[in-house]
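Below, read A as the first sequence line, B as the second, and so on, with proteins coming before strands; counting in each chain starts at 1. Computed from a predicted structure; not experimentally measured.
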Amino acid sequence: MAASRSAAVRLDERVREPPTASSRAFTPLVVVGDRAAYLHAGLSRAGLARDVLAAAVEIERLEHPRWAVPSAESALTVFVTAGVRVARAWDLAEVHRLLAGGWAADLGRVHAHLVGLPIDRVPQPRASDLFDFAAPSPPDADPNDPVGAGGYVRADALTPDWADRDERLLALARLVGDLAARQYAALSALPVGGPRAVATAHSESAAAVLCLELAHHGLPVDRRRAEHLIGAAAGPRPASELDAARIRRERDSLVLRHTPDRSADLRNPAQVKALLAGCGVEVETTRKWVLEPYRTTHPVVGALLDWRKAERIATTYGYRWLDEHVGPDDRLRGAWTACDGGAGRMTAQAGLHNLPAELRPAVAAAAGHVFVRADLGQIEPRVLAAVSGDPAFAAATRSDDLYAPVAAKLGVERPVAKVAVLAAMYGQRSGSAGETLRDLQRAYPVAMRLLDDAYAAGLARRPLRTFGGRLIPLDRTLTADEQAAPREWLDAARGRFARNAIIQGAAAELFKAWALTVRHLLIPLDGQIVLCLHDELLVHVPANAANTATDVLHRALADAARRWLGPTQPGREVRFVADVCVVNRWDEAKG
DNA sequence: GATTTCACGTA
DNA sequence: CGTACGTGAAATCC
């Protein structure tokens, strides 16, 4: 390999680009197969991905430009594997999700949305491949332009089939820079919180990079402890298919021994329902919370519920899961996304977001390291206070326990106040907590008004934006099944969804701002975020950095909240709190 | 073979 | 006290 060539940026290989708004603000970078191109400070470079990316990594080390990319995954993975923490990014896909709602965000959709072309006619690469390639381009179309005839981005623009030469890579980079500039303008022009929406775009883009880092680093696992916990719930590791069947039968027999005169496939809900009926337990469904009250009716119920728990470990979090997702370096790895298609929470695969509590002791810091575990306290009501600007509710956030001042103000016990606040944020407004809800309305009218307005927007199918600017689509066309459902039920469901989405979405925005601040401050400590769980961060640091990292988590929250909220009127400051502790295992109690 | 339903884990 | 997501097994659709 020509090592000297790959790292150095040679001026004679560059081509001067005309200065445009996009090239000043952004450094577009595209990677397609084994080729790549970027436009940086008016100079362009294209060629073998190995060489171009080595130069790009060098630029990142020196200058921290804002890399504009079709997606972080497509263009910035190499930075992550090289151990270089990308400081600034503009991820077209993430910004599109923010701007337009939903999750689909391929380059064709991003472009069509920004130039005002119908989304439903965006050329799709899948089944129509044969057609696309068969259809000859009009003679006047530029064969090196990723925007094809009809004004849409070619379906194959980001494939090695089309992007097989430097001038096409450069055209793609120019397109990416142009789209980033258009997104910037669109966010800036939003009627509510334009500058904040741009800040959210920066944050979401960085979150996409963090997702690559999370997938790369993985979550440290004590493999022997994991094997032990799985063994305790699901039995020993089966030596063969036959052995596995025997273990399953033994597990089943713990339930079926209670019904010697009848049998059933426990994995078949219909058969389980019939089995239970034969034992005098008549239920509509066999769900856990339906069966729970019948534990004392017949011993088979308790045995079945215990069986379900063990079966869950055996099937979903058993030896296969361990073998598939925990690497030879004892790290649990799964893919992460910076936002879901709804309110904007992060998602994770490989069970990282729904690991049963009983397996958490298996998540353990590596030798010489500790976890610093932090979770945001009462995040959703505090976020409600912040985004609504309710001065009275903001005053309540100054307490460590937000529900205490609320209870005092309403003249009720704390549990009553808590249920009322949660019911106002998520529940049916017409429930049994009616009187307390009316008191809540009087005490915190601004906050309650925000919730009511969101509910009304849901009913009216009027799209909303979160505090940070994310579009919450509420005008989705109904599926056939949904059209058959009662109208009032659907309306109420959409109202609840809307009310939840503005709170959950804003909380996700604050959480990401916090996480990214932590990520930045951890660099000198040689620490990493290894898990993000909606309101909880798990940070892995060398043991001697534990105290500093604890400070970092608190300080980052204050910084992130201040930046996220922007200037606040005196007397309306909202306080956010984090519970932070140093542990060796994830399940250990908070200090 | 792909999609839907049920069930349940997490926040 | 509601929403969301990911997962696996069985049922169902085509």
Is it true that [X] and [Y] have a side-chain N and a carboxylate O under 4.0 angstrom from each other?
| X | Y | answer |
| --- | --- | --- |
| Arg223(A) | Glu227(A) | no |
| Asp491(A) | Arg494(A) | yes |
| Arg320(A) | Asp323(A) | no |
| Arg251(A) | Glu311(A) | yes |

Euclidean distance, atom [atom1] of residue [X] to atom [atom2] of [N] [Å, nearest integer]:
| X | N | atom1 | atom2 | answer |
| --- | --- | --- | --- | --- |
| Trp103(A) | dC5(C) | CH2 | C1' | 13 Å |
| Ile502(A) | dA4(C) | CD1 | P | 14 Å |
| Trp289(A) | dA7(B) | CH2 | P | 8 Å |
| Ile379(A) | dG2(C) | CD1 | C1' | 17 Å |
| Glu292(A) | dC8(B) | CD | C1' | 13 Å |
| Leu474(A) | dA4(C) | CG | P | 11 Å |
| Gln271(A) | dA7(B) | CD | C1' | 16 Å |
| Phe511(A) | dA4(C) | CZ | C1' | 15 Å |

Please work out if [X] contacts a base, only the sugar-phosphate, or nothing of the nucleic acid, heavy-atom cut-off 4.0 Å.
| X | result |
| --- | --- |
| Ile503(A) | nothing |
| Leu533(A) | sugar-phosphate |
| Ala357(A) | sugar-phosphate |

Check the phosphate of [N] against [X], side-chain N and O only, distance under 4.0 Å to OP1 or OP2. Yes or no?
| X | N | answer |
| --- | --- | --- |
| Lys288(A) | dG9(B) | yes |
| Thr347(A) | dA4(C) | no |
| Arg345(A) | dA4(C) | no |

Name the closest nucleotide to the Gln504(A) side chain, picking from dA11(C), dT3(C), dA7(B). dT3(C)
Nearest to side-chain heavy atoms of Arg360(A), which nucleotide of dC6(B), dA11(B), dC1(C): dA11(B)
Evaluate the ring-ring contact (aromatic ring centres under 6.0 Å, His included) criterion for residues Phe576(A) and Trp514(A): first the C-alpha distance (whole Å), next the side-chain angles of each, then the deciding distance (0.1 Å), finally the verdict. CA-CA 11 Å; Phe576(A) 291 95; Trp514(A) 179 42; over 10 Å; no
Separation between CG (Asp535(A)) and CG (Asp375(A)), nearest 0.5 Å, reads 5.5 Å
With a 3.5 Å cut-off and heavy atoms only, can you find an N or O donor on one side and an acceptor on the other between the side chain of Arg308(A) and the base of dA7(B)? no
Compute the centroid of each ring, for His353(A) and then for His534(A), and state whether the two points are separated by less than 6.0 Å. yes
Between Asn500(A) and Asp265(A), just flag the one whose closest nucleotide in DNA chain C comes earlier from the 5' side. Asn500(A)
Show the distances under 3.5 angstrom between N or O atoms of the protein and N or O atoms of nucleotides 7-9 of chain C.
{"unit_1": "dT7(C)", "atom_1": "OP1", "unit_2": "Ala350(A)", "atom_2": "N", "d": "2.6"}

Cation-aromatic face contact Arg196(A)/Trp564(A), 6.0 Å, 45 degrees: no
